Amino acid sequence: MEFPPFEHLRFYEGVHDVRLNISYSNIKGFTLGEFHRTLPKDLDLNWTDERGPPELRRLIARHAQVAMDHVLVTTGATEANFLANVALVQPRDRVVVDTPNYSPLRDCAVGLGADVVPVVRDCHDGWSLDLDRFRKTAGGRAKLLVFANLNNPTSVPLGRNDLQELADIAQECDGYVLVDETFRELAFHHPPPSVAEFGPRMIALSTVTKVGGLGALRVGWIVAHPRLLERFKAVKDYTTVCGSSVSQLLATWALQRWSLFRRRAQTILDGNRKLVEEALTKLPALRGEVPKSGSVMFPHSDIKVPKLAQRLLRVYKTIIAEGRFFGVDDHFRIGLGGDPGELGQGLRNLEKAMRELA
């Protein structure tokens, strides 16, 4: 195995001390004090259930509308993605990946020696999904079809008809559909259905990270058929075995009050979308509407994105995420869920840099 460098993460590691990062995909961070609860003194710090604490799995199962035996708790959605890939993908298997997309969803299978084929969407038709191209690329033999719903970085949803056709393609291929649903609930009024509704070949990943602003907990999960979960659990025995009892307790607290986190996220996003919509009127070199759902947008730039990103970093101490991280070079990602004051300043810096480079 030889995994490609996780360039996006390494980039963030190198600029973590830069104050204005307007590329993050999460909602503004939630703090321990905001729970207004005290950790129990008898909390077991030696062991937790390898599948996840029963109460946490019960909450996830209720949330996903599945039975508890369809839930495996993981160390974030990143581990969930890794477990599914290692359990299902063999060298030279065909893996078809929706593009643009978050790079671990693409590159994990690359590291396992798979034949990874991107199917690139076109921004000119609203990033719509071309199912005929997916079926043709799958070629009746794809082991895995990989998506994010909502898409990261475009926030475009996969609807019910899309998911049903993908389930049909997986059946034709004797393969599986893997969908990262981390952002799905950020389509507040019309969330797309979970892929878990569409049969035993469908695998859903998610986490408390994005909606909750709880990334440091590293608590995620897989929802899939129990037979698949047994395969994923067998790999997990060699990765983390079980999660942090402290993190999993805090995640349980969060899911017990999940409606609060959803309302909080919606309030932040509604305000920040207005900021970005106003800023775009002053940025003629950018093309792309602010999405009505999700926490990220992916505008096209008439200015070379590497030059723009470098100028923003060097002159204005402001971070954007270059499109190359997601497989499309002439776009970049802006996060919509951060602190409004920081986003506003970052957008003003973006306007200055683009004017100077025009």
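Computed from a predicted structure; not experimentally measured. By convention here, the first residue in the shown sequence is residue 1.
A donor-acceptor contact shorter than 3.5 Å is absent between the side chain of Arg311 and the backbone of Ala353. Here the side chain of Arg141 pairs no donor or acceptor atom with the backbone of Ala138 at under 3.5 angstrom. Looking at Ser295, its side chain never comes within 3.5 Å of a backbone N or O of Leu336 through a donor-acceptor pair. At distances below 3.5 Å, at least one donor-acceptor pair connects side-chain atoms of Lys236 with backbone N or O atoms of Glu50. Although no hydrogens or angles enter the test, the distance criterion places no donor-acceptor pair under 3.5 Å between the side chain of Asn151 and the main chain of Val156. Under the 3.5 Å distance criterion, the side-chain polar atoms of Arg184 are left unmatched by any main-chain donor or acceptor of Pro191. Distance alone, capped at 3.5 Å, is enough to place a donor-acceptor pair between the Thr99 side chain and the Val97 backbone.
Each salt bridge (charged side-chain N to carboxylate O under 4.0 Å, His left out) pair with one or both residues in residues 83-97, not counting sequence neighbours, appears once here: Asp93-Lys143, Arg94-Asp115. Among residues at least two apart or in separate chains, there is no ring-ring contact (aromatic ring centres under 6.0 Å, His included) pair with a member in residues 265-296. Listed by first and then second residue, the salt bridge (charged side-chain N to carboxylate O under 4.0 Å, His left out) pairs involving residues 197-206 are Arg160-Glu197, Asp174-Arg201 (not counting sequence neighbours). Residue pairs meeting the ring-ring contact (aromatic ring centres under 6.0 Å, His included) criterion with at least one member in residues 300-324, sequence neighbours excluded, are His300-His331. Sorted pairs that involve residues 153-179 and meet ring-ring contact (aromatic ring centres under 6.0 Å, His included), not counting sequence neighbours, are lacking altogether. A salt bridge (charged side-chain N to carboxylate O under 4.0 Å, His left out) check over residues 126-139, counting only residues at least two apart or in different chains, returns the pairs Arg135-Glu165, Arg135-Glu172. Applying the ring-ring contact (aromatic ring centres under 6.0 Å, His included) test to residues at least two apart or on different chains, the pairs with a partner in residues 128-162 are Phe134-Phe147.
The aromatic rings of Phe35 and Phe261 lie tilted to each other, with the angle between the two planes from 30° to 60°. Taking the six-membered ring where the residue is Trp, Phe6 and Tyr102 present perpendicular rings, their angle passing 60° and hence far from 30°. Classified by interplanar angle (parallel below 30°, tilted 30° to 60°, perpendicular above 60°), the ring pair Phe326/Phe298 is perpendicular.
Residues Val211 and Trp258 are in side-chain contact: their nearest non-hydrogen atoms beyond the backbone lie under 4.5 Å apart. No side-chain heavy atom of Asp329 sits under 4.5 Å from any side-chain heavy atom of Lys304. Within the 4.5 Å cutoff, side-chain heavy atoms of Leu56 are placed close to those of Leu255. Side-chain atoms of Leu280 and Val290, non-hydrogen and from C-beta on, do get closer than 4.5 Å to each other. Residues Leu286 and Leu350 have side chains in contact (heavy-atom distance under 4.5 Å, counting atoms from C-beta outward). You'll find the side chain of Leu131 reaches within 4.5 Å of the side chain of Leu166, heavy atoms only. You'll find the side chain of Ile319 reaches within 4.5 Å of the side chain of Leu313, heavy atoms only. Side-chain contact between Asp69 and Pro226 is present, with heavy atoms from C-beta onward closer than 4.5 Å.
Cluster annotation: Ile60 and Ile222 are assigned to distinct hydrophobic clusters (Ile/Leu/Val/Met/Phe/Trp/Tyr, side-chain heavy-atom contacts under 4.5 Å, transitive). There is a path of hydrophobic side-chain contacts, each under 4.5 Å, that joins Leu59 to Leu260. A continuous path of Ile, Leu, Val, Met, Phe, Trp and Tyr side chains, each step under 4.5 Å between heavy atoms, connects Val146 with Leu228, placing both in one hydrophobic cluster. Under a hydrophobic clustering in which Ile, Leu, Val, Met, Phe, Trp and Tyr are joined whenever their side-chain heavy atoms come within less than 4.5 Å, directly or via other members, Val179 and Phe232 fall into different clusters. Cluster membership check: Val296 does not share its hydrophobic cluster with Phe188, using side-chain heavy-atom separations under 4.5 Å among Ile, Leu, Val, Met, Phe, Trp and Tyr.
Taking both residues in full, the closest heavy atoms of Gly111 and Pro4 are given as N-CD, 4.0 Å, listed atom of the first, atom of the second, then distance. Nearest approach of His70 to Leu229, heavy atoms of both residues: C-CD1, 3.1 Å. For the residue pair Ala170 and Leu145, the shortest heavy atom distance occurs at N-CD1, 4.4 Å. For Ser155 against Ser293, the heavy-atom pair with the smallest separation is CB-O, 3.3 Å. Nearest heavy-atom pair, Lys210 versus Ser25, reported as atom, atom and distance to 0.1 Å: NZ-OG, 2.9 Å. Pairing each heavy atom of Pro157 with each of Leu150, the nearest pair is CB-CD2, 3.6 Å.
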Distance-only check: which donor-acceptor pairs under 3.5 Å involve side-chain atoms of residues 246-254, not counting sequence neighbours?
from   : atom 1 : to     : atom 2 : distance (Å)
Ser247 : OG     : Leu217 : O      : 3.0
Thr252 : OG1    : Gln248 : O      : 2.8

Output a table of donor-acceptor pairs, distance under 3.5 Å, between side-chain atoms of residues 120-127 and any protein atom two or more places apart or on a different chain; print 'none' if there are none.
from   : atom 1 : to     : atom 2 : distance (Å)
Arg121 : NE     : Asp98  : OD1    : 2.9
Arg121 : NE     : Asp98  : OD2    : 3.3
Arg121 : NH1    : Trp127 : O      : 2.7
Arg121 : NH2    : Asp98  : OD2    : 2.7
Asp122 : OD1    : His124 : N      : 2.8
Asp122 : OD1    : His124 : ND1    : 2.8
Asp125 : OD2    : Ser128 : OG     : 3.1

Check: residues 84-91 side-chain donor-acceptor pairs under 3.5 Å, at least two apart:
from  : atom 1 : to    : atom 2 : distance (Å)
Asn85 : ND2    : Asn81 : O      : 2.9
Asn85 : ND2    : Asn81 : OD1    : 3.1

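For His16 and Tyr12, the ring centers sit 6.0 Å or farther from each other.
A salt bridge links Arg262 with Glu185: the distance from a Lys NZ or Arg NE/NH1/NH2 to an Asp or Glu carboxylate oxygen falls below 4.0 Å. Using a 4.0 Å cut-off between a side-chain N of Lys or Arg and a carboxylate O of Asp or Glu, Arg355 and Glu351 qualify as a salt bridge. A salt bridge between Glu55 and Arg58 is present, with a side-chain N of the basic residue lying under 4.0 Å from a carboxylate O of the acidic one. Salt-bridge annotation for Lys307 and Glu322: absent, with no side-chain N of the basic residue lying under 4.0 Å from a carboxylate O of the acidic one.
Side-chain atoms of Arg348 and Gln345 include a donor-acceptor pair closer than 3.5 Å. Counting only N and O atoms by type, the side chains of Ser23 and Asn21 include a donor and acceptor under 3.5 Å apart. Side-chain N/O atoms of Ser194 and Glu181 include a donor and acceptor closer than 3.5 Å.
Within a 6.0 Å radius of CD in Gln65, no more than 12 heavy atoms belonging to other residues, nucleotides or ligands are found. Residue Glu356 qualifies as enclosed at atom CD: its count of foreign heavy atoms under 6.0 Å is above 12. No more than 12 heavy-atom neighbours from other residues, nucleotides or ligands sit within 6.0 angstrom of NZ on Lys28. Within 6.0 Å of the CZ atom in Arg257, the count of heavy atoms belonging to other residues, nucleotides or ligands exceeds 12. Heavy atoms from other residues, nucleotides or ligands lying under 6.0 Å from CG of Asn161 number 12 at most. For CG of Asn46, the number of neighbouring non-hydrogen atoms (other residues, nucleotides, ligands) closer than 6.0 Å is 12 at most.
The hydrophobic cluster analysis finds Val117 isolated: no Ile, Leu, Val, Met, Phe, Trp or Tyr side chain comes under 4.5 Å of it, directly or through other members.
When the ring pair (Phe, Tyr, Trp, His ring centres under 6.0 Å) test is applied to Phe332, no partner is found at least two apart in sequence or on another chain.
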